[in-house]
Structures are given as C-alpha cells and as structure tokens.
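The structure appears right after this line, and notes come after that.
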Amino acid sequence: MTREEFAQLCLKKTVILDGSTGIELIRREMKVTGSIESSILDSPDMLNELQRQYCEAGADIILTPTLGANRVKLQEYSFDGSVRELNRELASLSLKTASSFSTEVFGNISSTGRFIEPFGDLLFDDAVDYFREQAEGLLEAGVNGFFIETMIDLQEARAALIAVRELCELPAVVCLSFDKEGYTLNGSSPRSAVVSLQSLGADAVGCNCSTGPAEMIPIIQKMATCTKLPLVVKPNAGLPSLKSGKTVYSMDKNEFLSYIPNFHKSGVSLIGGCCGTDPGFINDIAVQWSNKVPLKRESFMASAIASHRTITQFGAGNFTLIGERINPTGKKDFQKQLREKDLTTIEIFASEQQEFGANVLDVNMGLSGIDEREMMLKTISLLSRISPLPLCIDSTRPEVIESALKLYPGRALVNSISGEKDRLEITLPIAAKYGAMLIILPLDDNGIPATFEARVQVIRKIIDEASKYGYTTDDMVIDGLVMTISSDQKAAKTTLDLINWCADNGINSVCGLSNVSFGLPQRDIVNSAFLALGAQRGLTSAIANPSSERLRKIISSINRKGCRI
Ligand code: THG
C-alpha cells in the first residue's frame, strides 16, 4: 500500500482497525512461556484464529503481533535469538491469515520500556537502531505499512518513526498513550506530539491504550487543531480490574460504541480497540461505521514548531518573539562559563526570557575554543527538561544542526538555510529528515545581494530547492537580514522592502533585530524603532532581547492590531 493510497483510504471511509491481540490471546488461554511474542510462535493457530476473526469482522488493517518484539523488551525475557527473524516470522503469520481477505497488515512497533535521552539514559541512536532492526524483519515479511503505538514518550515515537522512514516509504501511523490529564507519562502534550510527528513524515497520528474512550475525546480534539493528518483512536474497553485473579475491562461493546459518534464528530478517520476489546467489538464498529465518510477537516495550524510540551505558531496574527540571549556574542562572563562547560547562565537566560514573553529560544553556541556540538547538545538536553519553549537551533555547522535536531524532542526551527551550496546540499536535507521548520537567509555563495530584486531571486531559488524535500512556504520564515545601520543606511530599506514582500506573499518573516544597532549608543531605542518600522511592513517575528520594556510594548501593540500596525 502506498502512502497516497493510505491517504485516499482515510478520506473515503472510516478505516476499521483490529482490537487487542496479546491480551485477547491470554484471555483465550494461550500458553505463555517467556515473552508473548515468542509464545505466539508456539501457538500460531490461536493467532490465526483471532486474526481471521478480525478480518471477518471487517478490519481494513490488522497489526502484526510484534508489540514487544524489540531487542530491549525481549532481553527482559532473556531472548537470545534473532530479533529480525522473530519479527519476520510473526509478521508472516499475520500476512498469511490476511491473504484470504482484503485486509492490510501493518507492522506493529511499540515501546522499549526505557526512556531515551534527554529524558533517560537510552541513547537516541541506539533506540533508532533497535527499531530499525525490528522494522527490517517486518519489511522482510512484506508488511503493508507500520503502526507505531502505545508510546509514552514523544522522543521514543520519534526514534521509531525515523527508523521506519530511513528504511521505506510505506504508510506509518503513530499513536501515543496519554493519561487522564491528557499528557504522556513524561509530559508530552497531544499538540506537540502531532506537530512533531507530522513534520517527521507520519501518515496518521492519534492515541491508543491507557484510558477508555471518554478520556480520548479531548485529546483528539486538541490534535485536530494542529494537524492535517488523519486521526486515529484505539481506546481500551474502559479501565482494568482484577476479578478472581483475572484482569477484566469494565466496558462492554455497546458502551464502547456509544463514544464513536463523538470521535467521528472530532474528525477521527481510523478506529480500532486496544486492551479488553475483541472481534465482537470490531464487528459492531465495522457494521455501524465502515461506510461512513470521515469528517472533512478544513483548517489546521500551519507554521508551528514544538517543544515536547508546547507549540508556537508563526503568523496567524501573533508576533513571535524569539529570545536572542543564549548566544555568547559580546558576553564576556557567559563565554568564560561556556569554556568551563557551566550552564548556569543558560538556565537563567531561559527562564528570564520566558518571563519576559519570549515564544521561542534561540540557541547559539558559536564560540572559538569550545566544542560547539557538545555544548549545543548539553544545552538542548537541559532546556528540553526545564523550559517549555520551543527552540531555534542557531549554527552554521551542519554536524551541530544534525546532532541537535536528532536529540531535540519536538519540532525545532533551524537557523538557518541560505542559498550557499553547502547549506542547500548538506544542511537542508538534514533539516528535512528531522522535519525542522526553516529560517531562510537571502544570501548565497556570492554574498548578500545588494538589491531587493536580487534577494527575492535567491529566496525563490531556496524555496524551489526546499520544495524538493516536501517543504512549503508555511514551513519557512524569511530573514530580512538586518545589518547595522551605522555602516549602511540603504541596507535597512532593502530589509524593510523584503519584509513587505513576505507579507504580500503570505510568508512569515524574521529579523535579528539587535544587529541593527551594533556599534551605536542607546541600542534599545534604535532596536525598538526598527521593530516598529518592520511591524509596519508586516514583520511577523524577531530574534531580540525580550528584557527591553520598550520592545515588549511595541510587540503588544502589534498583537493588538494584527500584524501590520
Ligand atoms: N538572523 C538570524 N539569526 C541571527 C541573527 C540574524 N542570530 C544571531 C543574531 N543575528 C541575532 N542575535 C543576537 C544576539 C546578541 C546580539 C545581537 C544579535 C548582541 N549582543 C550584545 C553584544 O554583542 O554587544 C550583548 C548584549 C547582551 O549582553 O545581551 O548585540 O540576523 N537568522
């Protein structure tokens, strides 16, 4: 099944998924020794019987019984065989059963049970390797797509999706598990999750397990506001309890079914069940919903970046303030600290800038005599844990950007892509792989074009190049390239004209506001005056120092009036 075919299917009908596999097999008294996955290999007939029932019930997609078939989980059961082979064999069983039906088989990937850096000690690269190994086995069997689910950590979901995308262009669905309050175990929000996963190339996003259907409705509604992707729900049949030594789920299929109209209204396209559901549930869902066309979702939030907790949207009438301070340029004490790998000031800059209303934090670790990559990673790791604000990764070095984007548990803004050859050939594909949003600098290997027209030409070329990786102008913020006014007054006018051009073309714009006043006294006044001029031309964001009260007042007046004063 191609990604396009999957997208079409999700538009055409409510896609019916299967219900519980492992739990249902245990309820049917499958003999378990070691992991459920290896036990299934010993009872292939029981799996065949269950999956045949799901296909007969009307499931459009069933999942391979490989939920825990990753190296880390299997090691808990002292599994010493080949992870790839186990996945291939299990997937082959499902594919064989489904071959008599028009049902697709998606390879199921789930949590390792460990937390990944920056939230835990499992290295991100190692996690990607474990998921790649599993996905390779599933692919060898010939699965039609992937279903990454029950993820309690956005970072782990990212790792699994990146592994799948490194291997193939098959459809990939990603579901996380949220608690009653609507966050994953380590605090990822539904909006952050979908913004991040959409940018990494997921084909559908949603939630499964953990709670019953009632708690999933507000989560899905939040997701629907900021993704254009099809939405998925796979609730548990209520909450589990122990009855005479057996785990039972509180909800019967009629009660479960009573929530589905609400899911439909909230924009869900794919429905199945998780723990406690069985072919009877899926049969009734299919009978009532299979022929219903999912709701058309018209608008969604474009131009959003995300930390693992919150999102920031560029444009849409709000001015975005990117705090400039985590940058050693011109700060002697901070430079000394960075040379000693001391992050105290970074922590202070992060919280001060947030208090002063920053919506994003720029992080620049460009300083001679330090390991820029190491310090960038330390900073991202710290900020991901202590600050809710999304990050703007400010570096000229592709290897720094690559490591930073990999580690960042969200969708970052890359600062920046220009028309220079190495930026287009090296940095742009890296940014695309990790789904970053881009700051576009209108300069190329010949330097900064002097005229407005020549700058627009460079921008058009970069937009063209980026579109080859699936980028649209919604994923870009164009930099007006502010220079100090003390050396060239004409340059400021070119910058303003470019901002105007962005506004006329509906593209977001940014400027490094403090550049304008380098070498001048009373910098705050000059910066503020230039912000007002930019706002008048439709500027939608600035990299600036949020501690200036004058600046903040101008921003609040922009926000009151819409983007153009
Ligand atoms: N465009 C893009 N990114 C950028 C810039 C840009 N990143 C860097 C820079 N320009 C924007 N950031 C800063 C950060 C600090 C200063 C200026 C621009 C600055 N620092 C004071 C100094 O050097 O004297 C120190 C002030 C302090 O102590 O806070 O001026 O244009 N895409």
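Position 1 is the first residue of the sequence, and the numbers go up from there. In this text the structure is predicted, and so the values were computed from the model without any measurement. In each ligand, atom 1 is the first atom listed, and ligand 1 is the first ligand listed.
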By ring-ring contact (aromatic ring centres under 6.0 Å, His included), which residues pair with Phe349, not counting sequence neighbours?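 By the ring-ring contact (aromatic ring centres under 6.0 Å, His included) rule, Phe349 matches Phe334.
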Just jot down the ring-ring contact (aromatic ring centres under 6.0 Å, His included) partners of Phe119, sequence neighbours excluded, or say none.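 ring-ring contact (aromatic ring centres under 6.0 Å, His included) list for Phe119, sorted by chain: His308.
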For a quick check under 3.5 Å, do [X] and [Y] share a side-chain donor-acceptor pair by atom type?
X	Y	answer
Ser514	Glu324	yes
Ser517	Asn527	yes
Asn359	Thr312	no

For ligand 1, which is the ligand I care about here, please tell me if [X] has any N or O atom under 3.5 Å from one of the ligand's N or O atoms.
X	answer
Ser416	no
Asn364	no
Asn415	yes

Evaluate Glu352 against Ser547 for side chain to side chain donor-acceptor pair (under 3.5 Å), listing each step before the verdict. CA-CA 8 Å; Glu352 274 180 5; Ser547 62; over 6 Å; no
[X] neighbourhood, listing ligand 1 atoms whose heavy-atom distance to it stays under 4.0 Å:
X	result
Ile439	32 (N)
Asp479	1 (N), 2 (C), 6 (C), 32 (N)
Arg325	27 (C), 28 (O), 29 (O)
Arg523	19 (C), 21 (C), 22 (C), 24 (O), 30 (O)
Asn327	8 (C), 12 (N), 14 (C)

Residue portion contacting ligand 1 (non-hydrogen atoms closer than 4.0 Å) for Val510: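 For Val510, no heavy atom sits under 4.0 Å from ligand 1.
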Given Ile440, which partner from the list Val477, Ile478, Asp475 fulfils the side-chain contact (heavy atoms from CB on, under 4.5 Å) test?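 It is Ile478; the other options fail the test.
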Could you tell me whether ligand 1 has any atom less than 4.0 Å away from a heavy atom of Val482?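 In this structure, Val482 fails to qualify as a contact of ligand 1 - no heavy atom is under 4.0 Å.
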